[in-house]
Amino acid sequence: MTDQTKNSERFDAYLFNEMSESDRLQFEKELASDSDLMDEFQQHKNFLKDFKTGVEYREIKKDLKSIHESIYNPGKNFFLSRQFLIPLGIAASFVLIILAINPFVKSGNMASDQGDYQELDKNSESSDTIVYYQDEYVSSAIDDQSETEPMPGPDAGLLSLVKSAPVGTAFMISSDGYFLTSKHLVENYKIIRLQQKEEKLAFEVEVIYVDSLKDFAILKCHPTISENFKPVPFRFLKGDIELGGDVFTLGYPKTEIVYTKGVISSQKGYLSDSLSFEISMPCNPGYSGAPLFTYSGDLVGIITANNNRQQSVTYVLDYHYIQNIMNDLKKKDVVIDMSKNFTKRAKDHAKLVERYRPFVFEVHP
Amino acid sequence: MISEVKIDQNIIDKIRKRDQKTLAQIYKEVYPMVIKYVTSNSGSNEDAQDIFQDAYYLLIKKTDDPQFILSSQISTFLVGISKNLWLKKITKNSINPDLYKEELLLNESEPTEYDESKLIKVKTMSESLSAMGEPCKTLLIQYYYFEQTMKEIAALLHYTNAENAKNQKYKCLQRLKKLVAKTND
């Protein structure tokens, strides 16, 4: 330990009453006789005074910001409590939803080769089914949550990292603290937890919007968390997606982030849904809510589901729809400002992926 | 008129106690004037919020002085300071500062004196803290501001023991000092 460290330690110990009586007397004696030490001590004290007023400023600003929110965005869970929320009765059985339509194909059980897929095979007439990526953590978490109500807003602090497998993926779209994810991962929660292991970040976010029609939701973290983020390095694509265009995603099918590549295979989604499109990409559970990018780095959608009858067919919610919803939300004072997003192109693909990676998060209930 | 001043003085006591209801009430009353002013002078909603909250901070800090007596109405005080802060900001960044100079001079006669260097100082500290990131930020704030023990902080930030956290604390403080000094240059 250097002298400086030692002095600094002694100053703090003295100031915060962590010294024994004899040490304290000894320190005071030294201070009185050693003017250099005294100077250093005074400087330390002055800096701490500045520090405290600086933190006090932060704290007061934080209070004022929450006053602002309470006046101008009252009823934090407005969206949840109104028309946007699916009735709880349906939600209770949401763990897996099958969209089963085609009555002509024999009902197949793909569970054996789907491994971890939770297949909600309620409808025996179904065959061509969509499986939402998600695993068993969710159902147990619902019970946990009912005991801890009412839920407050997201906590400003960082949480410790957890090792359990995430239920899905979320990603940041604006450094003001907004994230996108899949609705089915979060719709039963007011608060959910995001984690980024490489960045050693874990924190709570509030579910501020759940779409009534499509599988996506918007999350927001506390401003004290978001102020640590750099500008988000991507934006929505300008123009339309191209059939055959290369795309990639980053998600959490396991406890580590995984990169996967694919190709846009149809500009329409499941049953010709025009709000979604189809990509040819092997997709695992946990990719739900993951962002889909073109090779040049533009955001083109959110991964929602795969078709378990057709291998490597994955459905993606088209970004036009998300943009429209975000525009509508502006009227309700939810302004997601993506103008500050940083869009300098990386020289090579690996660099691009590396830059995007810190903005992709595990979702934990 | 006398009664109005009295009412304001009552409110000052409440602000001093950080009465949330009073703070919110004032916010609601005054902020619309500031947002109108800032947005009609080439500022965004966010700018208005930031400026107004800085002005509000200055008011709150002023009430900490028990001798403080408000010489104008609270709204006049807050709007006046907000205007001044905003004008200073845009004249600093503006290509054509003369455009606002007249108004800035005009404003200085209003009873809105505040210590600008103090605000700059706390802002510098706050920004340096944000720039430092985690875990330094939490470590220093918890120890020096909230006066948590090293043991508690070690548990919070997952250090193996208090001694490790202590070493880290010294390094973090040095870094912060450097960051602050750099901004002041």
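In what follows, chains carry the letters A, B, and so on, assigned in the order in which the sequence lines appear, proteins first and then strands, with residues in each chain numbered from 1.
- For an aromatic pair to be called close, the ring centres must be under 6.0 Å apart, and A:Phe361 with A:Phe203 satisfies this.
- Outside the 6.0 Å centre-distance limit, the rings of A:His68 and B:Phe52 are not counted as a close aromatic pair.
- Using a 4.5 Å cut-off between heavy atoms, B:Asn45 makes no contact with chain A at all.
- Only the side chain of B:Ile60 comes within less than 4.5 Å of a heavy atom in chain A; its backbone stays farther off.
- Heavy-atom distances place the side chain of B:Lys121, and not its backbone, under 4.5 Å from chain A.
- For chain A, the nearby part of B:Gln49 is the side chain; its heavy atoms alone come within less than 4.5 Å.
- Only the side chain of B:Lys137 comes within less than 4.5 Å of a heavy atom in chain A; its backbone stays farther off.
- Here A:Lys351 does not pair with A:Glu354 in a salt bridge; the nearest charged N to carboxylate O distance is not below 4.0 Å.
- Most heavy-atom pairs under 4.5 Å with chain A: of the set B:Thr124, B:Thr138, B:Leu176, this distinction falls to B:Leu176.
- Side-chain atoms of A:Gln26 and A:Glu30 form a donor-acceptor pair, as typed in the model, at a separation below 3.5 Å.
- Aromatic ring centres of A:Phe171 and A:Tyr356 lie farther apart than the 6.0 Å criterion allows.
- Between chain A and the options B:Lys171, B:Arg18, B:Lys28, B:Lys177, heavy-atom pairs under 4.5 Å are most frequent for B:Lys177.
- In this structure, the portions of A:Lys65 lying under 4.5 Å from any heavy atom of chain B include both its backbone and its side chain.
- Listed options B:Lys169, B:Gln53, B:Met125, B:Glu127 were ranked by heavy-atom pairs under 4.5 angstrom with chain A; first place goes to B:Gln53.
- A cation-pi arrangement is present between B:Lys83 and B:Tyr37 under the rule of less than 6.0 angstrom and at most 45 degrees off the ring axis.
- Annotation: residues 45-55 of chain A contacts chain B through A:Phe47, A:Leu48, A:Asp50, A:Phe51, A:Lys52, A:Thr53, A:Gly54, A:Val55 [non-hydrogen atoms, separation under 4.5 Å].
- Only the side chain of A:Glu59 has a heavy atom closer than 4.5 Å to any heavy atom of chain B.
- Residue B:Lys123 qualifies as enclosed at atom NZ: its count of foreign heavy atoms under 6.0 Å is above 12.
- Closest non-hydrogen pair, A:Thr169 versus A:Val363, comes out as C-CG2, 3.5 Å.
- Only the side chain of B:Lys61 has a heavy atom closer than 4.5 Å to any heavy atom of chain A.
- If you measure heavy-atom distances from B:Tyr143 to chain A, the contacts under 4.5 Å come from both the backbone and the side chain.
- Contact check on A:Glu227 versus A:Arg58 returns a salt bridge, with a Lys/Arg side-chain nitrogen under 4.0 Å from an Asp/Glu carboxylate oxygen.
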(request) Evaluate the criterion side-chain contact (heavy atoms from CB on, under 4.5 Å) for residue pair B:Leu140 and B:Leu173; output intermediate values, then yes/no. (result) CA-CA 7 Å; B:Leu140 294 179; B:Leu173 191 68; 4.2 Å; yes
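- Heavy atoms of A:Asp12 lying under 4.5 Å from chain B belong to its backbone as well as its side chain.
- Relative orientation of the A:Phe11 and A:Phe41 rings is tilted, given thresholds of 30° and 60° on the angle between their planes.
- Partner A:Glu362 forms a side-chain hydrogen bond (donor to acceptor under 3.5 Å, both in side chains) with one of A:Arg193, A:Gln196, A:Lys197 and no other, that one being A:Lys197.
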